[in-house]
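These notes are about the structure you will find just below.
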There are 2 protein chains.
Amino acid sequence: MAETTLRERKRQRTRRAIVDAAVELFEERGYEGTTIADIAEAAEIGTRTFFSYFASKEEVLFPESDSRIAAAVEAIAARGPDDRPADVLLRALRNVNRDSDEMVSRVAALRLRLIRNVPAVRGRGLQLQFDAQREIARHLCAAYADELDEAGAAALVGAFVGAVTGALQVLLETAGDDPAAMSRRLEEATDAALQPWLRRK
Amino acid sequence: MAETTLRERKRQRTRRAIVDAAVELFEERGYEGTTIADIAEAAEIGTRTFFSYFASKEEVLFPESDSRIAAAVEAIAARGPDDRPADVLLRALRNVNRDSDEMVSRVAALRLRLIRNVPAVRGRGLQLQFDAQREIARHLCAAYADELDEAGAAALVGAFVGAVTGALQVLLETAGDDPAAMSRRLEEATDAALQPWLRRK
DNA sequence: ACGGTAACTGCACTAAATGCATATTTGCAA
DNA sequence: TTGCAAATATGCATTTAGTGCAGTTACCGT
C-alpha cells in the first residue's frame, strides 16, 4: 500500500511543508497579512511552485477536503437493513465528528477561526460543503433507490447539513477557541438540531 | 417618500447603468471574459468609480441582496396565533418563490446560470444565503422567544433552506425547462425531507 | 451666490493567478 | 551505468482585482 516512489514522497513532503508554513504564518500575521510569496519563501520553494500544489491561497486551509465525503459514504455502505435514510445520515454525521484526528489538528482549528473572520475562506468552505452534500446525496440515492429520487435525497441531506451548520454558526459566535469546548458544543448543536428526527422511531 | 434629491437619483441611475452594462457584457463575453474596466467603460464611468458602487465584481450580480430577508421577515410578522415556527418558515419560503418580480428579471436568470458555472459567483451566493439565514433565524427566535433559542432557530432555518437549496441544486442540473413541473418536484422533495418538522402537532 | 460635502476620476501600487520557456530531478529500460 | 522520457521546479512577464490617495467637479442647503 505504501507504493511510495521517491518522487511521490518528496511531493508529499513539500506539500506538508507548504501547509505547515502557511499555518504558521497565518497564525502569526493573519490571513490577509500573509502573501503567497511569504508562504513560498518559508516553505523554501519558488512562488510559482506554490500553484502546482494549491490552486489558490484558500486551498491551503482545506488540504484533505474529501475526508468528510469518505466518512459519509462509509456510513452509507455500513447501513443495516432496518435503517431509514435519516438514521444513516445521522451516523454519518457522528462519524465525521468523531474523526477527531482532523478535528483537533492545528489546521482545522485555524480554519474554523478563519472561516469566521475571512470572507474568502468562508466562501470556499461553503462551496466545498455544498459539493460534498451533492456527492453524499448521490450515494444515498443509490443506496435507497426504491424510496428516494435524486431531488429527495438532496433535500434530505441538505436539511441535515443545513440544520447542523446553522446551529453551529450560532454556537461558534459565542464560543472561545478552546477545541474541547468547541467539540462539546458541536455535539450539543447536532443533537439539538436533529432532535425532530431522533424523536421519531 | 420619494425624497429624491438629484444627487440620489443620479446615483441610482449610474448604479442601474453599471448593472445593465455588466449583464450585457457577461451575456456576450462570459463572466471571466469581462473585466471591470470593460464594465466601467460601457457604463461610462471611470474604472475607479465602479468600486464606489460595488465592492467586487460578483456584487453586481446581487444588487438587491436582502429582498429575500425582507420577504421572510414579513412572513414572520404576518404569522397567525396557531402557526408553528415550521409553518411560518414554510410560508416564508413560498413567498420567496412567488416573488417573481425578481425571479423573472434578466439579472436573476443570468445569476442562476453563472452560479452554476462560475465558482466565485457561487461562493458569493452561498455566502449571502448563509448570512440571510442567520438574520431570519434572529427574527424567528424573537417571534417565538418562549420556545426557540438562537441555536434552535438557526437549526430550523438551516434545515428548511438547506432542503430547498439541495433539491434545487439537483433539479437545476437536470435542466427541465418547465417551471411548473420543477416547482411541483421541489415541493415534493422538500415536503418529504422536512416531514419530521411538519408532522408534529 | 457661497461654502461645505459628496461623488468622480486618474495614478500608483500590491497581490493573486496564469502562461510560457527553461532547467533540474526522477523513473525506467536497455 | 547510461541515456531518454516524463514529471517537477522555477524564473519572468503579464493580466486583473482591488485599495489608497490626491485633486477636481457637481450638488446641496443656507
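Quick note on labels: first sequence line is chain A, next is B, and so on, each numbered from 1. What you see below is based on every heavy atom in this structure, not just the backbone, and it leaves out hydrogens, waters and symmetry mates.
- Among dC27(D), dA16(C), dG27(C), the nucleotide with an atom closest to any side-chain atom of Phe51(A) is dA16(C).
- The existence of a salt bridge linking Glu27(A) and Arg106(A) is confirmed by a sub-4.0 Å separation between a basic side-chain nitrogen and an acidic carboxylate oxygen.
- If you measure from atom CD of Gln12(B) to atom C1' of dA7(C), you get 14 Å, rounded to the nearest angstrom.
- The residue among Leu6(B) and Ala55(B) whose nearest nucleotide of DNA chain D lies closer to the 5′ end is Ala55(B).
- As a whole-Å value, the separation of Glu44(B) CD from dT9(C) C1' is 15 Å.
- Across dC28(D), dA17(C), dA17(D), the shortest atom-to-atom separation from the side chain of Glu58(A) is found for dA17(C).
- To the nearest angstrom, P of dG29(D) lies 12 Å from CD of Glu8(B).
- Applying the 4.0 Å criterion to OP1 and OP2 of dA9(D), one finds that Ser52(A) has a side-chain N or O inside that range.
- Within the structure, a side-chain polar atom (N or O) of Lys10(A) is placed less than 4.0 Å from OP1 or OP2 of dT26(C).
- In this structure, of dC28(D), dT25(C), dA17(D), it is dA17(D) that holds the atom nearest to the side chain of Lys57(B).
- Among all heavy-atom pairs drawn from Ile39(A) and Ile18(A), the shortest one is CG2-O, 4.0 Å.
- Between Tyr53(B) and dC8(C) there is a side-chain polar atom (N or O) within less than 4.0 angstrom of OP1 or OP2.
- For the pair Arg113(B) and Tyr31(B), the cation-pi test (distance below 6.0 Å, angle within 45°) is failed.
- Whole-Å rounding puts the Tyr31(B) OH to dA17(D) P distance at 8 Å.
- Atoms CG and CH2, from Asp87(B) and Trp197(B) in turn, are 13.5 Å apart once rounded to the nearest 0.5 Å.
- You'll find that the side chain of Arg48(A) is closest to dT10(D), out of dT10(D), dA6(C), dA17(D).
- The side chain of Thr49(A) places an N or O atom within less than 4.0 Å of a non-bridging phosphate oxygen (OP1 or OP2) of dT10(D).
- In this structure, CZ of Phe50(B) is placed 17 Å from P of dA7(C), rounded to the nearest angstrom.
- Along DNA chain C, the nucleotide closest to Thr47(B) and the one closest to Thr34(A) are compared, and the more 5′ of them pairs with Thr47(B).
- An OP1 or OP2 oxygen of dA15(C) is reached within less than 4.0 angstrom by no side-chain nitrogen or oxygen of Thr35(A).
- The nucleotide whose nearest atom lies closest to any side-chain atom of Ser56(A) is, among dG18(D), dA17(C), dC8(C), dA17(C).
- Computed from coordinates, the Ile36(A) CD1 to dA16(C) P distance equals 5 Å when rounded to whole Å.
- Salt bridge status for Asp83(B) with Arg91(B): present, with a side-chain N to carboxylate O gap under 4.0 Å.
- Rounded to an integer number of Å, the gap from CZ of Arg7(B) to P of dA26(D) is 12 Å.
- In this entry the distance linking CD of Glu41(A) with P of dA15(C) reads 13 Å, nearest Å.
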